[in-house]
Amino acid sequence: MIQNIRGTKDILPDQIGQWHSLERIFNEVTTLYGYKELRTPIFEKTEVFSRSIGDNTDIVNKEMYTFIDKGGESVTLRPEMTAALVRSVIQNSLTQEVSALRLWYFGPFFRYERPQKGRLRQFHQFGAECIRSPYPESDVEIILLANQLIRKAGISDYQLNINTLGNDSSRTLYKDELTKYLTSNKEQLSEDSKFRLETNPLRVLDSKSENDKLVIESAPSILDFLDDESRNHFDVVKSMLDDAKVPYKIDPKLVRGLDYYCHTVFEFKSGALGAQDAFGGGGRYDGLFSQLGGKLTPAVGFAMGVERLLLIIENSAPEQVIKQSDCDVFIVCMNENLLKDAFKISEMLRSNGYSTFCDLHRRSMKAQMRETNKLNAKHCIIIGEDEIKRNAVTIKNMITSKQVEIKIDLLHTISFS
RNA sequence: GCGGCUGUAGCUCAGCAGGUAGAGUGCCAGAUUGUGGCUCUGGUUGUCGCGGGUUCGAGCCCCGUCAGUCGCCCCA
């Protein structure tokens, strides 16, 4: 048997309803906030990602699906959207005509990782980006949008963590201090963290190793290294979230994995997910546009893992899905000679807006009645020789079991809902 | 890339000192002539993940491999 590729999933007919309803929520909420959808190709020149995400992140080092195409060009299946979106915004000069460019996206992404709960090689993200404002109110707008979306998706048990990475100078100052501290305690750190200390010391902060945690506990905090600008930015974010009554927790150890973040960073967490407890996250990335060859353009955004969202929904409301009827009217056809009439009638009903099926197995009446019941149809129409002679059919209400004969000419006047 | 656990009918699972598979569910049909849901009866389904090895004989033991799952790394 040929199987799907490791870490990929079929979305089966039974599950598609969940996806559609989430997609509807994405559409509704983004419209309310004035965001427009942007779709980009699912692959890009490799440098789009390697120049933006960070050369020493795992995403770039070992997780990208990269290959050389027949023209000799290195291309990569997108591992995330922000870099691709920024590329498109620069290329199409989208910032030219608006003061604030508000964009959202939804689609598949690819990372070559070991699959586990809430982690796939092809997964889906929803995200939104607010481009051109350097001010904290745009950070808040993005967080509010994300929060609204989570609530509309029916999730109530989650936590919002926020932190700031400060501006460049604050962060540089802090990084130096942190590096000094960690270096002096280097012997107590795990091998992983010793390596991180060389490549990206900030990421030592979210190590899961118990030993590391002891060291980290008394490490210097970014919050003590903020200059006025950075502090003010963060204060506004906090007070606006308070005003909006969005609960959050400040986590000075929250560091996002991608190199391009500055100032506000945040993460949505849920207990329903196991080891990968974050189902959404984002932050400000003022430097990314210039890194990708555009003009200096401040921006902030977030992304959400749709499969993780679905895991939480399943977990919190397992019986929430109500079985809906697949069919309004099932056509029970007594014999093959009447199939022509059955098809004519079903087409008429469909053009009146009713979902209608005929049996495709030439089965007995009893079998067709069973089928009607299984499909949860409220009505069936029985087409038999006797009725047809009178230019009529029988309508049976499956709930009350009552049935009436009606002239075919009048069928279009009947309501089946 | 690393580690633990798992892999038997469409689905959920049983199978045990190693002797070439079973239950429930589903599906199909029937319980008198053109009528569903409940009930009853009968039927149906498997390269026991794949490949190799040990053995007279393996779903059960060994090795490899693939996949799933949980965790590490990292992230959504």
Side-chain angles (χ1 to χ4, degrees), chain A residues 1-9 12 14 53-54 56-64 79-82 106-127 146 190-193 195-196 199-200 203 206-210 212 255-258 267-270 273-282 301-312 330 332-335 338 359 361 363-388 393-403 405:
Chain A
M1 182 170 49
I2 301 175
Q3 291 187 324
N4 62 324
I5 289 182
R6 178 169 221 193
T8 65
K9 270 203 165 104
L12 301 176
D14 273 357
I53 295 172
N56 47 36
T57 61
D58 275 16
I59 292 183
V60 170
N61 284 336
K62 59 176 198 188
E63 293 174 4
M64 294 206 303
E80 60 120 30
M81 186 64 174
T82 306
F106 164 72
F109 295 88
F110 306 85
R111 255 119 99 160
Y112 190 85
E113 293 189 276
R114 187 78 188 261
Q116 61 187 79
K117 185 171 187 166
R119 169 180 298 160
L120 297 165
R121 288 186 175 177
Q122 176 175 340
F123 58 101
H124 294 77
Q125 283 190 345
F126 164 86
S190 64
E191 288 307 309
D192 283 330
S193 286
F195 179 72
R196 289 191 201 108
T199 56
N200 189 347
R203 276 197 287 140
D206 61 2
S207 168
K208 282 176 188 164
S209 145
E210 289 304 320
D212 289 357
V255 182
R256 309 234 65 236
L258 280 48
E267 228 165 52
F268 290 94
K269 292 191 173 202
S270 160
L273 290 173
Q276 281 67 234
D277 56 354
F279 61 97
F302 89 100
M304 198 169 279
V306 177
E307 283 84 357
R308 289 185 186 181
L309 219 50
L310 287 168
L311 279 176
I312 300 171
F330 192 86
V332 174
C333 184
M334 297 304 299
N335 67 52
L338 300 168
D359 185 59
H361 292 279
R363 287 185 292 184
S364 68
M365 180 181 194
K366 185 197 278 280
Q368 294 183 62
M369 293 302 296
R370 282 201 186 116
E371 186 78 6
T372 310
N373 201 55
K374 206 174 64 189
L375 290 169
N376 226 341
K378 284 202 198 91
H379 299 270
C380 68
I381 288 181
I382 300 165
I383 301 176
E385 299 281 8
D386 298 347
E387 290 96 325
I388 286 293
V393 293
T394 297
I395 299 172
K396 174 160 185 169
N397 180 316
M398 296 301 285
I399 295 160
T400 63
S401 293
K402 289 197 174 124
Q403 54 187 63
E405 188 171 312

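Chain letters run A, B, ... following the sequence lines, proteins first and then strands; every chain starts at 1. Side-chain atoms are counted along with the backbone in the values below, which use heavy atoms only and exclude waters and symmetry mates. Owing to the predicted nature of the structure, the values given are computational and were not obtained by experimental measurement.
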| query | According to the Watson-Crick and G-U wobble definitions, with both distances under 3.5 Å, which nucleotide is paired to B:rA29? | reply | B:rU41
| request: With P as the reference atom in both, quote the distance from B:rG18 to B:rC13 in angstrom, rounded to an integer. | output: 24 Å
| request: Return the nearest nucleotide to the side chain of A:Phe279; candidates are B:rU69, B:rA76, B:rC72. | output: B:rA76
| request: Indicate whether the side chain of A:Thr394 and that of A:Glu387 have a donor and an acceptor atom separated by less than 3.5 Å. | output: yes
| task | For the side chain of A:Ser364, starting at C-beta, report the closest nucleotide among B:rA76, B:rU35, B:rG30. | result | B:rG30
| task | State which of B:rA31, B:rC2, B:rU35 makes the closest approach to the side chain of A:Met365. | result | B:rU35
| message | Does B:rC66 have OP1 or OP2 under 4.0 Å away from a side-chain N or O of A:Arg6? | response | no
| query | What interatomic distance, in whole Å, is found between P of B:rC40 and the corresponding atom of B:rU20? | reply | 32 Å
| request: For A:Asp386 and for A:Met304, locate the closest nucleotide of RNA chain B by heavy-atom distance; then report the residue assigned to the nucleotide nearer the 5' terminus. | output: A:Asp386
| Options B:rA76, B:rA31, B:rU69, nucleotide nearest the side-chain atoms of A:Pro115 | B:rU69
| B:rC70 and B:rG37, which share atom name P, separated by this distance in whole Å | 40 Å
| request: Considering only atom C1', compute the distance from B:rG19 to B:rG1 and round it to an integer number of Å. | output: 43 Å
| request: Classify the ring geometry between A:Phe279 and A:Phe268 as parallel (under 30°), tilted (30 to 60°) or perpendicular (over 60°). | output: tilted
| message | Between B:rU6 and B:rC50, how many Å separate the two C1' atoms, rounded to a whole number? | response | 16 Å
| Out of B:rG34, B:rA76, B:rC70, whichever nucleotide has its closest atom nearest the side chain of A:Lys117 | B:rC70
| remark: Closest to the 5' end of RNA chain B, once A:Tyr112 and A:Val255 are matched to their nearest nucleotides, is A:Tyr112
| field | Between P of B:rC70 and CZ of A:Arg308, the distance in whole Å | value | 11 Å
| said: Rounding to an integer number of angstrom, what distance separates B:rC60 and B:rC48 when you compare their C1' atoms? | reply: 10 Å
| remark: Side-chain atoms of A:Arg114 come closest, of B:rG34, B:rG3, B:rA76, to B:rG3
| query | Does B:rA76 have OP1 or OP2 sitting under 4.0 Å from an N or O in the side chain of A:Arg119? | reply | no
| said: Counting only side-chain heavy atoms from C-beta out, which of B:rG37, B:rA76, B:rA29 sits nearest to A:Asn373? | reply: B:rG37
| message | Taking any heavy-atom pair under 4.0 Å as a contact, classify A:Glu307: base, sugar-phosphate, or nothing. | response | nothing
| said: Could you tell me how far B:rC2 sits from B:rA14 if I compare only their P atoms? Round to whole Å. | reply: 30 Å
| query | Within the structure shown, what part of the strands sits under 4.0 Å from A:Gly7 by heavy-atom distance: base, sugar-phosphate, or nothing? | reply | sugar-phosphate
| query | Out of B:rA31, B:rU35, B:rA76, which nucleotide sits closest to the side chain of A:Ala278? | reply | B:rA76
| message | I want to check one thing: is the phosphate of B:rU69, taken as OP1 and OP2, less than 4.0 Å away from some side-chain N or O of A:Gln116? | response | no
| A:Met334 CE to B:rU33 C1', straight-line distance once rounded to whole Å | 11 Å
| When all nucleic acid strands are considered with a 4.0 Å heavy-atom cut-off, which category describes A:Glu267: base, sugar-phosphate, or nothing? | nothing
| request: Sticking with atom P, work out how far B:rU45 lies from B:rC28, rounded to a whole angstrom. | output: 15 Å
| request: Give one of base, sugar-phosphate or nothing for A:Gln403, where a contact means two heavy atoms less than 4.0 Å apart. | output: base
| said: Nearest to the A:Lys374 side chain among B:rC28, B:rG34, B:rU69, which nucleotide is it? | reply: B:rC28
| note | Side-chain atoms of A:Glu387 come closest, of B:rG68, B:rG34, B:rA76, to B:rG34
